[in-house]
Each structure stands twice: as structure tokens, then as C-alpha cells.
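Working notes, structure below.
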Amino acid sequence: MSAISLLREHAEGVHLNGSGPGRRRDNRMWAQRVDRRRECVVVRVEGELDAAVSAEFFETVDRALQSPCDAVVIDLRAARFLSLRAAVRLGALRRDAVGGRPDLRIVAGGPGVERALEVTGVRSLFPRYSSMRTALDA
């Protein structure tokens, strides 16, 4: 079963204090602006990041990367699966980062997600963060 449905309004509709539109019952992916030491946007994924939801996920990530923030943190801690194609595309986004774009960070937890990042060679492109707090404060 595909595990992500998209709330498009979150990328634009979040406030600096992290509040924003309420979560829908079927929501499995969302973006939220977080105001800590630096302004960050968090894109969180729950369930499976596979071909069925990859296009919506990367639309959200692209929109987040175009927002005025210091960093975009991809929160994959609740993801059970990350396709190899999605992992490769995350690596390409990291490699293609140009000046003026927000820093792209990944927080992963599950062994399946970590394995996809390792197998594709993408893991070495992203620093390891022990928690969301560490990623947000980096």
C-alpha cells in the first residue's frame, strides 16, 4: 500500500512558529517550517517512499528547496521503505546543490531506509544526524 498522500498547502502555509494547516486523517507526508537557531523546513515521510508517491514527494522537496530558509531536513525516521530510485534522486539533489539554495539534510532511522542510502552510495553525501534536533541545529 502506498503510504504517502500530499498536503500541498503545508509548504506555503506554515508559519515561523511551526504552526500551520491541520493534518488530514490520510496525510502521510508533510512539510513544516521550523524556527530554531536557523530557519528550516522539514519534509516528513511515513510509510513507503516508492514509485507511486515519488513524484509528489519530490514536488514537495523542490518547493521546500525554493523557500527562503537555511536548510531542508528530510525526516525519514517513520519511513519503512525507500526505493533505490528515490535514494539516487536525493543524492542528485545534494550533488547539484548550488549557492544560495538551502542545505539539504536527511534524518533516517530504519534499516531499510539506511540500506537504500548505503547501496546507492548516497549515504556518504549526507552527514549522519542522531536526532531531528541535531539536524535542525547543525
Side-chain angles (χ1 to χ4, degrees):
M1 176 172 115
S2 174
I4 299 172
S5 64
L6 177 64
L7 272 181
R8 295 184 189 281
E9 66 269 16
H10 271 287
E12 291 90 16
V14 293
H15 309 289
L16 287 178
N17 66 2
S19 66
R23 289 185 70 174
R24 290 192 324 221
R25 195 173 322 135
D26 64 344
N27 181 35
R28 301 282 178 138
M29 177 174 65
W30 49 271
Q32 178 178 12
R33 187 173 301 278
V34 178
D35 187 22
R36 294 182 67 77
R37 277 194 250 160
R38 297 168 36 155
E39 191 173 312
C40 300
V41 173
V42 175
V43 178
R44 180 179 161 89
V45 177
E46 297 176 2
E48 300 170 355
L49 182 47
D50 56 15
V53 296
S54 184
E56 291 176 308
F57 170 73
F58 282 104
E59 285 175 20
T60 301
V61 171
D62 288 339
R63 208 168 38 249
L65 286 169
Q66 293 171 15
S67 68
C69 64
D70 295 316
V72 173
V73 180
I74 310 292
D75 181 1
L76 297 173
R77 294 173 301 159
R80 293 185 308 270
F81 174 80
L82 174 65
S83 73
L84 297 179
R85 185 172 296 191
V88 168
R89 190 158 172 199
L90 284 170
L93 285 174
R94 177 77 174 185
R95 279 189 214 98
D96 295 342
V98 292
R101 281 189 87 175
D103 185 25
L104 182 63
R105 303 171 187 167
I106 291 179
V107 178
V113 172
E114 285 290 345
R115 181 74 177 138
L117 294 171
E118 289 286 345
V119 166
T120 57
V122 171
R123 178 30 96 192
S124 62
L125 299 175
F126 292 93
R128 290 185 189 265
Y129 297 103
S130 59
S131 67
M132 277 299 293
R133 174 170 286 197
T134 306
L136 292 170
D137 289 342

Salt bridge flag under 4.0 Å for residues R101 and D70: no
Under the salt bridge (charged side-chain N to carboxylate O under 4.0 Å, His left out) test, residues paired with E114 that sit two or more places apart: R123, R128
Validation row: L93, D62 side chains within 4.5 angstrom (heavy atoms): yes
Heavy-atom check, side chain of L136 versus side chain of V42, under 4.5 Å: yes
Considering all heavy atoms, the nearest F57-V45 contact: CE1-CG2, 3.4 Å
Straight-line distance of D137 CG to M132 CE, nearest 0.5 Å: 10.0 Å
Non-hydrogen atoms of V113 and A79 that approach each other most closely: CG2-O, 3.5 Å
Any residue meeting salt bridge (charged side-chain N to carboxylate O under 4.0 Å, His left out) with R77, in chain and number order, not counting sequence neighbours: D75
Shortest non-hydrogen contact from V107 toward S131: CG2-O, 4.2 Å
Let me have the donor-acceptor pairs involving side chains of residues 81-90, under 3.5 Å, with sequence neighbours excluded, atom names and distances please.
residue, atom, partner, partner atom, Å
S83, OG, A86, N, 3.0

Backbone of A64 reached by a side-chain donor or acceptor of S67 within 3.5 Å: yes
Short side-chain to backbone donor-acceptor contact, R105 and Y129, under 3.5 Å: no
Heavy-atom pair of closest approach, residues R44 and A78: NH2-CB, 3.5 Å
